[in-house]
Amino acid sequence: MPHTFDAEAVRTWCGLALEGLGRAREGIDAINVYPVADGDTGTNLYLTVESAAQAVGAAFNGHAATGTASRPSLGDAIGAMAHGALIGAHGNSGTILAQMLRGMADVLAEQHVAGDAASEAREAGDMRHAGGAVLSRALLRAADSARNAVARPVEGTVLTVAASAAAAAAQAAGVPPTGHGAPAPHGAEAGPGAATGHGARVGHGAATGHGAERAAAYGAATASEGGTAPETQGAPATQCVAAPVGAVARAAYEGACAALEATTGQLDVLARAGVVDAGGYGLVTVLGALAETLTGERTAAPTSPLRAAPGSHALGPGRPDAEPRERRRPAAPPDPLFPAVRSADDAPYDAAASERAPVDGGHSDQPTGCDGEPISGPAYEVIYLLEADDTAVVRLRGRLDALGDSLVVVGGDGLWNVHVHVDDAGAAVEAGIQAGRPYRLRITHFGAAAERRLNRETPPGEPKRTDGARGTGHGARGERAARSVVLVVPGDGLAALCAEAGATVVTARPGEPPASGELVDAIRRAHAHEVVLLPNDAELRHTAAAAAAQMRTEGVRVALIPTRSVVQGIAALAVHEEDRGFDEDVVAMTSAAGATRYAELAVAERQSWTMAGVCQAGDVLGLIDGDVVVIGADLLATARTVLDRMLAAGGEMVTLVLGAGVPNNLAERLEEHVRERHLAVDTVSYRGEQPAAPLLIGIE
């Protein structure tokens, strides 16, 4: 069934891209060696796309709030995605991705204004969906916009991958693959009619002009979705006749994969490390999500970024045999009942390795990056949003280009995102003040951030608190606590319970899981040198990992324990002791969480197939470890059945968490059932007041 590139597709694309970057984040961080080996490209891209996805969700919610059945147009949705990425862009790679999305949004806005023959793609004056030709043009503009935003473009980077994707998309749409940065097809020889342009690899890498050829590509790509372009009339019917949008998206993804594999040979620093470009890998992930959205078929993802001996090309479709790159720390064998303890960057947490870290935290006269190589170049990354007019931004580009490198300025219409690497961070900020109004300023010292990532160092000691208090989440400042626990809970009752125990709490709203920014704010509120983060939801693992990675750049030592249910979080919090060593505390909390099996009772909203059979709307579902195992009509009877099944495998403690509106006597009757049927098993109950699940169960 053909898929449509419309507003709903944009929302799906955001979700799939966020999931894909969550899975690939650690690996992308690990291969980040250019332009600075600071190990954060995957995290930066994740945070950027997360901001984009939130903006798209807000656009849909805004239409829904009108009380009508209206929804955003395609232009509205992609515009929201671009704006969200712009205001939430992190790092060099995130800033470039934001500009690519803006380029796509500009094309779709132009298509709406043009009002050409593609009237069947519009409703009530809004562009509701686009076909393959328009998508190819949008990708061409995206690649072009990104390259123009970079002060000194370099081949073998995300810019090359973007250009190759655009060229492949144009070719699939029946347009000659020419344009800004469009390389020759992977493995093809340059010859008459071959792709040329800014950055095309001809001879020894010389580039040729791009004006007329790029204009021709844009002109052909803007042809009516229902027929051929004026330049192609009379040409073979295969040249530009309503190219399927899914085929164009898949071609873009495959073109990006081919270009990504070649990046290792285009930059010496990548060849020495034996990796592909990290930003390019992230873009491949985003384009793979677009292809999956528009074809309905999962893309054959590239092999893990943790790969390859120097000089080999082991990425891209068709290379599943790639050798994985050796990890920096050994991983313990996984517990069959619970994942390994994980640290802030979501790699296996090795307490012994942490204890073996150098006493001085690994400091040396010259800081090293995540690959152990000395960091060269400017010392600081400076990023800020800027409100300024176009003329002021032109002058700002010149000033910042003279101050440092890796300059990327993206945006427009009075709002810009500025990214630059400099030695004098104050001068970069001053330049922004003279150009307009800078805000959301972020300054990162590359050496300090890289050392913390590599050595798991604890920030220089401030006086340890002696009052035994931990962060409460109320924003109290003063000297930092030694350690705190931050956890996500689904109800106000649980929030009060955990706050009383000294934890900093993030309350999850139904259907609105917390974003990484909310977790970052909670860690900051905890105001501690060391933080244990408990997401209490399998779906939040990547979000929590990104938040933890970001906070490590601010000097906070964060350990992420990937708890999948709040009852596991309660078990971990119960054994938390601030006075023992950090590693010992993390191991004890992880053991307690891992020894806790979890279940929940829910009410079916509609008829559905489950592992236990077909359920009807209103049925009570008993889920153990996330799978439906019981379908019943009564909450009490279903809960008893779930308890009996779980306790058949043993257990010493039952935890019951009552949801909103559930009477207290439910817990009393279940406690009585446990006493009668299961000897030597204790029961404790809490009023969690979670709105979605009437009952949560934990078995230790």
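Here the side chains of R440 and I87 are in contact, with some heavy-atom distance below 4.5 Å. Contact annotation: the side chain of M551 never approaches that of V531 to less than 4.5 Å [non-hydrogen atoms, C-beta and beyond]. At least one side-chain heavy atom of I697 sits less than 4.5 Å from a side-chain heavy atom of L601. Contact annotation: the side chain of V620 never approaches that of I631 to less than 4.5 Å [non-hydrogen atoms, C-beta and beyond]. For the pair L533 and V488, the minimum side-chain heavy-atom distance is 4.5 Å or more. Considering only heavy atoms from C-beta on, S565 stays 4.5 Å or farther from E600 through its side chain. Looking only at side-chain heavy atoms (C-beta outward), T563 and P535 come within less than 4.5 Å of each other. Contact check for V49 versus L97: side-chain heavy atoms found under the 4.5 Å cut-off.
For the residue pair A289 and A17, the shortest heavy atom distance occurs at CB-N, 3.4 Å. The two atoms that bring A508 and P514 nearest to each other are CB-CD, 4.0 Å, heavy atoms only. When all heavy atoms of P694 and V603 are compared, the pair lying nearest together is CG-CG2, 4.3 Å. Taking every heavy atom of both residues into account, A604 and C615 meet most closely at CB-SG, 3.9 Å. Looking at every heavy atom in both residues, I28 comes nearest to G282 through CD1-CA, 3.9 Å. Considering every non-hydrogen atom in both E50 and T543, the closest pair reads OE2-CG2, 3.7 Å.
How far OG1 of T590 is from CG of D585: 9.0 Å, rounded to the nearest 0.5 Å. Here T610 contributes atom OG1 and Q607 contributes atom CD; the two are 11.0 Å apart, rounded to the nearest 0.5 Å. The CZ atom of R564 sits 4.5 Å away from the OH atom of Y598 when rounded to the nearest 0.5 Å. Separating the CG atom in L519 from the CG atom in L560 is a distance of 9.5 Å, to the nearest 0.5 Å. Distance CD/E700 to CG/D682: 10.5 Å, rounded to 0.5 Å. Atoms CG and CZ, on L670 and R675 in that order, are 11.0 Å from each other to the nearest 0.5 Å.
Formation of a donor-acceptor pair under 3.5 Å by the T48 side chain with backbone atoms of A85 is not found in this model. Of the possible polar contacts, none joining the S51 side chain to the L47 backbone as a donor-acceptor pair under 3.5 Å is found. Of the possible polar contacts, none joining the N536 side chain to the V489 backbone as a donor-acceptor pair under 3.5 Å is found. A distance-only check finds no donor-acceptor pair linking the side chain of R442 to the backbone of I383 [under 3.5 Å]. Using modelled atom types, no side-chain atom of R597 and backbone atom of L647 make a donor-acceptor pair closer than 3.5 Å. Although no hydrogens or angles enter the test, the distance criterion places a donor-acceptor pair under 3.5 Å between the side chain of Q690 and the main chain of A693. Between the E26 side chain and the A545 main chain, no donor and acceptor come within less than 3.5 Å of each other.
Using a 4.0 Å cut-off between charged side-chain N and carboxylate O, E530 and R557 make a salt bridge.
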Chi angles and distances behind the side-chain contact (heavy atoms from CB on, under 4.5 Å) call for H678, V654: CA-CA 11 Å; H678 305 279; V654 173; over 6 Å; no
Report the C-alpha distance between Y46 and L18 in whole Å, list the side-chain angles of each, state the deciding distance to 0.1 Å, and finish with yes or no for side-chain contact (heavy atoms from CB on, under 4.5 Å). CA-CA 6 Å; Y46 182 92; L18 197 60; 3.7 Å; yes
side-chain contact (heavy atoms from CB on, under 4.5 Å) between L494 and L497, intermediate numbers included: CA-CA 5 Å; L494 286 172; L497 176 71; 4.3 Å; yes
For R687 and N664: C-alpha separation, side-chain torsions, deciding distance, then whether side-chain contact (heavy atoms from CB on, under 4.5 Å) applies. CA-CA 8 Å; R687 291 231 50 110; N664 289 328; 2.6 Å; yes
Test log, rule salt bridge (Lys or Arg N to Asp or Glu O under 4.0 Å), inputs R640 and D644: CA-CA 6 Å; R640 285 171 172 167; D644 289 341; over 6 Å; no
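When each of T43, N92, D40 is checked for a side-chain contact (heavy atoms from CB on, under 4.5 Å) with N32, only D40 meets the rule. Residue L695 forms a side-chain contact (heavy atoms from CB on, under 4.5 Å) with just one option from L656, V642, T638, V662, and that option is L656. Here the rule is side-chain contact (heavy atoms from CB on, under 4.5 Å) with I699, and of T596, V567, I624, L643 only L643 fits it.
Enclosure of atom CZ in R669 is not indicated, since only 12 or fewer non-hydrogen atoms of other residues, nucleotides or ligands lie within 6.0 angstrom. For CD of E652, the number of neighbouring non-hydrogen atoms (other residues, nucleotides, ligands) closer than 6.0 Å is 12 at most.
The closest side-chain donor-acceptor pair between S93 and N44, if any, does not fall under 3.5 angstrom. E19 and H542 form no side-chain donor-acceptor contact under 3.5 Å, judged by distance and modelled atom types alone.
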